[in-house]
Amino acid sequence: MKAIVTVVGHDQKGIIAKTSMILFENGVNILDISQTIMQDMFTMIMLVEYESTVSIKKLDEELTKLEKEMGLSIHIQREELFTSMHRI
Amino acid sequence: MISKFEILETVNMIDNENLDIRTITMGISLKSCAGPDIDTVCKKVYDKITSYARDLVKTGEDIEREFGIPIINKRISVTPVATLVDALEEPTVYKAVEIAKTLDRAAKATGVNFIGGYSALVHKGMTPGEEILINSIPMALSQTDLVCSSVNVGSTRAGINMDAVALMGKIVKQAADMTADTQGFACAKLVVFCNAVEDNPFMAGAFLGEGEGDCVINVGVSGPGVVKCALEQVKGKDFGVVAETIKRTAFKITRMGQLVAQEAANRLGVPFGIVDLSLAPTPAVGDSVAYILEEMGLEKCGTHGTTAALALLNDAVKKGGVMASGYVGGLSGAFIPVSEDAGMIAAAKCGALTLEKLEAMTCVCSVGLDMIVIPGDTTAETISAIIADEAAIGMVNTKTTAVRVIPAPGAKVGDVVEFGGLLGTGPVMPVSKYSSAEFVGRGGRIPAPLQSLKN
């Protein structure tokens, strides 16, 4: 399954490292990364892939923990959400 | 590949603009549970609901997590319970209440937050079972937590059953009085309809209609905040641009609803019914239909121009949403529940929004006089007359209308009643001081209206 990870917040050291470490530890493969600074905010978008055996609950909990630690907004959402909303 | 802008737009809608799926509602038919013995009926009802809806809440939560979309409510609607009461041997009010309690227990066991369908459809006449069910509503709603009730008293094809309207005025009063300690909270779980729809996923008016299958998944989307934010980008532009902006936004919101509905139906192994395109507000600031109307240029919701603004909004939401879903149904339109909408609460408090204006607004939008707190000393006849007026609007305009008013015991105009949660805060609104008793007392039926020579 493919999903989109978005990370938005104030730029600081370790955002990419810590996010990708959590993804790696949970068996999620990163297919593509793009990052930019938009309106002074660090914005990173990752396209990732995972097997159905991956526990989204655990992954979500760990990302939420990181989100709070670093004061960021982190989401992992199935790719279909975006395709259904933005493509006819 | 989806662009960066599109991804961030979706994330922003969810994070900052209160975009959510308002409800996944599983419709469960209780036709197979009918029988003469009350204990057997209750057992069958409990077993069927808890077995069909066993995974409903968990599935909703899984989808929520995987797609990152909040799904606020997971609910159940059932066949109008009057059908079961009619089949009982020697039906009584107490036996009907037993079924309500069974629904309540089943709802609690499955973890849903409401169960709808303690209902009767009496737009032309009442069977003995339906009359018993209606008379049991105050007791049923005051002795249960999660059961919602609705009664259909009129339709475009049948006219308005004024005997039922007269009875419902009394029932609303009794329901308020029996829950005086919670300021008439039972009335928040009771809707009186004209032209009720069979596949409505929203409470308190949800029930599974006669023409529906054994089990179905209906989904209600929401997103007043998203529409308001989209309109902020087109300040001062003409109405063509306003309508187009709402349509585009409604399309995106509905696509998300369609995705969730399909996903939930697949995972639960239940047919997908409809997506309801309603814009349903919550008391959260930024999730208000009134603020959308104000964004169009009205100083306060309720002032002159409000009906026109709402008509445009309601129509544009449908036009945008219809193409985004395979099957659209339910109530589909903008809701205007006063106590559940921060902007409506503010407008009612400052006197900009009155009951008369709300009645006019219901001519052009979804449903009707919704979650309106009226003085505790309002008579049953006046409530019946309010229901009759609203039913007439629905009947003549071939649309669904409803009344959910709360005559909060002891409350006077100017007071504010707190319901908490999604049901919000209701400023007590004045009703006419002149009597409608003689009118309501006539009884009989108002004949169905002519469907041609329209003017």
Side-chain angles (χ1 to χ4, degrees), chain A residues 1-9 19 23 26 28 30-68 71-88, chain B residues 1-17 19-21 57-71 219 221 223 226 230 247-267 272 275 320-326:
Chain A
M1 276 173 282
K2 285 182 183 168
I4 306 275
V5 177
T6 49
V7 183
V8 181
T19 310
L23 295 174
N26 283 279
V28 178
I30 300 171
L31 300 173
D32 189 23
I33 303 185
S34 81
Q35 66 163 92
T36 179
I37 302 286
M38 278 170 80
Q39 295 164 342
D40 291 337
M41 294 294 238
F42 171 86
T43 307
M44 176 168 70
I45 298 171
M46 290 174 165
L47 176 64
V48 302
E49 193 172 32
Y50 57 86
E51 299 296 323
S52 56
T53 49
V54 168
S55 162
I56 294 298
K57 187 163 183 274
K58 181 169 166 282
L59 180 59
D60 194 45
E61 279 165 6
E62 286 175 28
L63 287 174
T64 308
K65 197 166 155 248
L66 180 66
E67 186 176 55
K68 286 189 182 134
L72 303 164
S73 158
I74 307 178
H75 291 278
I76 177 161
Q77 293 162 297
R78 290 265 297 274
E79 192 192 23
E80 295 97 306
L81 173 69
F82 302 96
T83 40
S84 70
M85 253 179 129
H86 298 285
R87 295 288 178 273
I88 295 177
Chain B
M1 176 68 186
I2 302 295
S3 78
K4 206 181 296 180
F5 172 78
E6 289 166 330
I7 291 172
L8 293 174
E9 185 191 22
T10 300
V11 171
N12 187 45
M13 281 180 181
I14 295 168
D15 266 8
N16 303 319
E17 298 171 1
L19 176 62
D20 55 50
I21 298 291
V57 172
K58 186 188 170 294
T59 303
E61 287 168 355
D62 287 349
I63 294 173
E64 218 171 333
R65 200 172 291 120
E66 282 176 44
F67 290 86
I69 312 166
I71 301 172
V219 164
V221 294
V226 183
K247 275 159 61 182
R248 283 171 191 272
T249 312
F251 176 82
K252 291 177 186 170
I253 296 172
T254 311
R255 290 286 279 192
M256 191 187 75
Q258 168 78 17
L259 174 73
V260 168
Q262 208 82 58
E263 195 69 27
N266 286 345
R267 291 184 189 197
F272 155 59
V275 173
V322 146
M323 192 179 150
S325 171

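The chains referred to below are lettered A, B, ... by the order of the sequence lines, with proteins before strands, and numbering in each begins at 1. What you see is a predicted model; the values in this text were computed from it and never measured.
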## Note on the structure
When the 4.5 angstrom heavy-atom criterion is applied to B/Glu61 and chain A, the contacting part is neither
### Query
Please walk me through it: do A/Ile88 and B/Met323 pass side-chain contact (heavy atoms from CB on, under 4.5 Å)?
CA-CA 9 Å; A/Ile88 295 177; B/Met323 192 179 150; 4.2 Å; yes
### Message
What I want to check is whether the side chains of A/His86 and B/Ser3 have a donor and an acceptor closer together than 3.5 Å.
### Response
no
### Message
Run the side-chain contact (heavy atoms from CB on, under 4.5 Å) test on A/Glu79 and B/Ile2 for me, step by step, so that the C-alpha distance in whole Å, both residues' side-chain angles and the decisive distance to 0.1 Å come before the verdict.
### Response
CA-CA 9 Å; A/Glu79 192 192 23; B/Ile2 302 295; 5.6 Å; no
#### Entry: Closest non-hydrogen atom pair between A/Gln77 and B/Phe67, with its separation
CG-O, 3.1 Å
### Within-4.5 Å side-chain heavy-atom neighbours: B/Glu6 and A/Arg87
yes
### Task
Heavy-atom distances under 4.5 Å only: say whether A/Ser34 touches chain B with side chain, backbone, both or neither.
side chain
### Message
Using heavy-atom distances under 4.5 Å, tell me whether A/Ile56 contacts chain B through its side chain, its backbone, both, or neither.
### Response
both
### Message
I need the single residue from A/Thr43, A/Leu81, A/Thr6 that forms a side chain to side chain contact (heavy atoms under 4.5 Å, CB included) with B/Ile7. Which is it?
### Response
A/Thr6
### Message
Show, in sequence, the C-alpha distance, side-chain angles and deciding distance for B/Leu8 and A/Val8, and conclude whether the side-chain contact (heavy atoms from CB on, under 4.5 Å) test is met.
### Response
CA-CA 9 Å; B/Leu8 293 174; A/Val8 181; 4.2 Å; yes
### Task
Find the distance between CG (B/Asn16) and OG (A/Ser73) and round it off to the nearest 0.5 Å.
8.0 Å
### Task
Taking B/Arg65 for its side chain and A/Lys57 for its backbone only, find out whether a donor-acceptor pair lies under 3.5 Å.
no
### B/Thr254 portion near chain A, given a 4.5 angstrom heavy-atom threshold
neither
### Query
Would you call B/Leu19 and A/Met85 a side-chain contact if the rule is heavy atoms closer than 4.5 Å?
yes
### Query
What part of B/Gln258 gets closer than 4.5 Å to chain A, counting heavy atoms only: side chain, backbone, both or neither?
neither
### Task
Between chain A and each of B/Met256, B/Glu66, B/Glu263, count heavy-atom pairs under 4.5 Å; write down the option with the most.
B/Glu66
### Summary
Honestly, the part of A/Leu59 sitting under 4.5 Å from a heavy atom of chain B is neither
#### Entry: Per-residue contact mode, A/His75 against chain B (heavy atom under 4.5 angstrom)
side chain
### Query
What pair of heavy atoms forms the shortest contact from A/Thr36 to B/Lys4, and how long is it?
CG2-NZ, 3.8 Å
